[in-house]
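Report on the following structure.
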Amino acid sequence: MVVLSQPALDLAKYSLLRATCKPAVAAAAADIPAIDLADPDAKSHIVKACEEIGFFKVVSHRVPIELMTKLEDEALRFFSLSQAEKDKARPPYPLGYGSKNIGPNGDKGWIEYFLLNANPLPLFAPNSKSLIAAVKEYVTAVKKLSCEVAELIAEGLKIEPRNTISKLLNEEKSDCCFRVNRYPPCPELQAVGGKSMIGFGEHTDPQIISLLRSNNSTGLQICLRDGAWVSVPPDAAAFFVNVGDALQVMSNGRFRSVKHKVVADCNIERVSMIYFGGPALSEKIAPLPQILGDGEESLYKEFYWREYKTAAYKTRLADYRLGPFEKNQNSERF
């Protein structure tokens with residue numbers, strides 16, 4: 001965590017400052033597909049969004065707003081503890097509390113966070129019982145939502161049975177995790193001409209799908225197929241869904257795992273809560289047979305989720321993780 005009462009950083013020299021990248025354009029709300037789960041055609045809209053962007057938001061999702069705000073309040077209560085108290089939580093390698101350092105390979109961000117195994121949830125810090133109780137209630141609801149989205153994907157792709165994908169998220173040993181990120185405001189940015197501070201660097205999510213909910217703050221950006229970065233308009237009542245690397249493989253590249261990042265704001269605190277739906281470590285990942293057309297070859301090698309997760313954990317955020325798992329490693333990168 002960055003403590004702003006300390007002497008101001010020389011941001012012009014700070015490695016997280018984005019000084020030369022092409023600025024993101026503000027995305028109109030229509031640029032991000034908004035899918036009403038009560039719509040009879042929701043499955044078709046979801047498949048189209050997965051194919052074209054790899055990202056969409058869902059409304060009419062039946063997760064009570066009270067669960068979202070309760071967890072956000074509990075998370076902020078934890079983040080408001082003294083640094084000494086937060087540091088009692090084990091470092092996030094792989095689980096626990098972290099600040100500024102993201103992963104073990106040198107990536108940094110204007111961020112503090114906690115990362116937990118969602119199946120089951122651990123008591124990861126002293127006095128975190130009320131926080132974990134709120135996380136359990138929230139994760140139960142969002143896991144159900146992730147399975148609903150996965151089943152709509154299967155329906156839209158005409159995959160039988162309907163739970164072909166969702167059962168991977170729902171099985172007893174599924175490797176799902178949950179993360180809460182806090183991006184503190186960064187007032188010093190005003191002194192350097194409006195440049196952006198990286199809160200979380202560009203990356204794709206390795207799992208099948210990710211469901212994100214944030215407070216009503218900007219900062220999230222996604223990369224479109226043409227390479228342009230666009231800002232995602234906030235919607236505290238909706239969930240944003242990312243296609244993950246594993247689903248890109250399962251769809252044989254028909255869906256894309258979307259690159260995304262977060263930039264810090266001068267004055268506004270951002271809090272995001274992300275559920276990552278992954279299969280069991282022993283599960284094999286390969287293009288689904290129902291996806292492959294007559295004579296169509298798999299673009300990817302078959303691999304175990306444990307193998308891919310281990311390889312991904314050794315990379316930097318921006319690395320193209322799927323490259324070594326492609327059959328033709330010179331093929332187009334999404």
Open item on the list: Within the structure provided, determine whether Val243 and Phe55 are in side-chain contact (heavy-atom separation under 4.5 Å).
Closed with: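 Counting from C-beta outward, Val243 and Phe55 never come under 4.5 Å.
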Task: Contact check, side chains of Asn252 and Ser298, non-hydrogen atoms, under 4.5 Å - done: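 Asn252 vs Ser298: side chains touch.
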TODO: Applying side-chain hydrogen bond (donor to acceptor under 3.5 Å, both in side chains), name anything that partners Tyr308, two or more places apart in sequence or on another chain.
DONE: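 So Tyr308 forms a side-chain hydrogen bond (donor to acceptor under 3.5 Å, both in side chains) with Asp245.
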TODO: With sequence neighbours left out, write down each residue that passes side-chain hydrogen bond (donor to acceptor under 3.5 Å, both in side chains) with Glu160, or none if nothing qualifies.
DONE: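 For Glu160 there are no side-chain hydrogen bond (donor to acceptor under 3.5 Å, both in side chains) partners, ignoring immediate neighbours.
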Task: side chain to side chain donor-acceptor pair (under 3.5 Å) contacts in which one or both residues fall within residues 141-150, not counting sequence neighbours - done: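 Sorted pair list: Arg62-Glu148.
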Task: Name of the residue among Gln248, Lys327, Glu326 meeting side chain to side chain donor-acceptor pair (under 3.5 Å) with Tyr300 - done: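 When Gln248, Lys327, Glu326 are each tested with Tyr300, the side chain to side chain donor-acceptor pair (under 3.5 Å) holds only for Gln248.
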Task: Residue from Asn242, Thr204, Asp205 passing side chain to side chain donor-acceptor pair (under 3.5 Å) with Ser210 - done: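 The passing option is Asp205.
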- [ ] Please check if the distance between the ring centroids of Phe56 and Phe240 is under 6.0 Å.
- [x]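 Phe56 vs Phe240: aromatic centres not under 6.0 Å.
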Task: Aromatic centroids of Tyr113 and Phe79 separated by under 6.0 Å - done: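 Not under 6.0 Å, so no.
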TODO: Write out all pairs satisfying ring pair (Phe, Tyr, Trp, His ring centres under 6.0 Å) with one or both partners inside residues 139-185, taking only residues at least two apart or from two chains.
DONE: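 Every ring pair (Phe, Tyr, Trp, His ring centres under 6.0 Å) pair that includes a residue of residues 139-185, provided the two are not neighbours, is Tyr138-Phe178.
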- [ ] Check whether the side chains of Glu283 and Tyr304 place a donor and an acceptor atom closer than 3.5 Å, and report yes or no.
- [x]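 The answer is no; no qualifying pair exists.
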What are the two closest non-hydrogen atoms of [X] and [Y], and how far apart are they?
X	Y	value
Ile291	Glu296	O-OE1, 3.7 Å
Met68	Ala236	SD-O, 3.7 Å
Thr164	Ile159	OG1-CG2, 3.6 Å
Ser217	Arg270	O-NH1, 2.9 Å
Arg162	Ser166	O-OG, 4.5 Å
Cys176	Leu169	SG-O, 4.0 Å

Open item on the list: Please check if the number of heavy atoms outside Glu297 that lie under 6.0 Å from its CD is greater than 12.
Closed with: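 Open: at most 12 neighbouring heavy atoms sit under 6.0 Å from CD of Glu297.
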Open item on the list: For the CG atom on Asp226, are there more than 12 heavy atoms of other groups (residues, nucleotides or ligands in this structure) within a distance under 6.0 Å?
Closed with: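 Enclosed: over 12 neighbouring heavy atoms sit under 6.0 Å from CG of Asp226.
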- [ ] Quick one: list whatever passes ring-ring contact (aromatic ring centres under 6.0 Å, His included) with His203, sequence neighbours left out.
- [x]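 Per chain and number, His203 pairs via ring-ring contact (aromatic ring centres under 6.0 Å, His included) with Phe200, His260.
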Task: Pair Arg256 + Glu51, salt bridge at N-O below 4.0 Å - done: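 A salt bridge is absent here (no side-chain N lies under 4.0 Å from a carboxylate O).
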Open item on the list: Less than 6.0 angstrom from the centroid, inside 45 degrees of the normal: does Lys261 satisfy that with respect to the ring of Trp229?
Closed with: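 Ring-cation test returns yes.
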Open item on the list: Among residues at least two apart in sequence or on other chains, which ones pass salt bridge (charged side-chain N to carboxylate O under 4.0 Å, His left out) with Lys309?
Closed with: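 Salt bridge (charged side-chain N to carboxylate O under 4.0 Å, His left out) list for Lys309, sorted by chain: Asp175.
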Open item on the list: To the closest 0.5 Å, what do you measure between CG (Asp41) and CD1 (Ile35)?
Closed with: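 Reported to 0.5 Å precision, the distance equals 11.0 Å.
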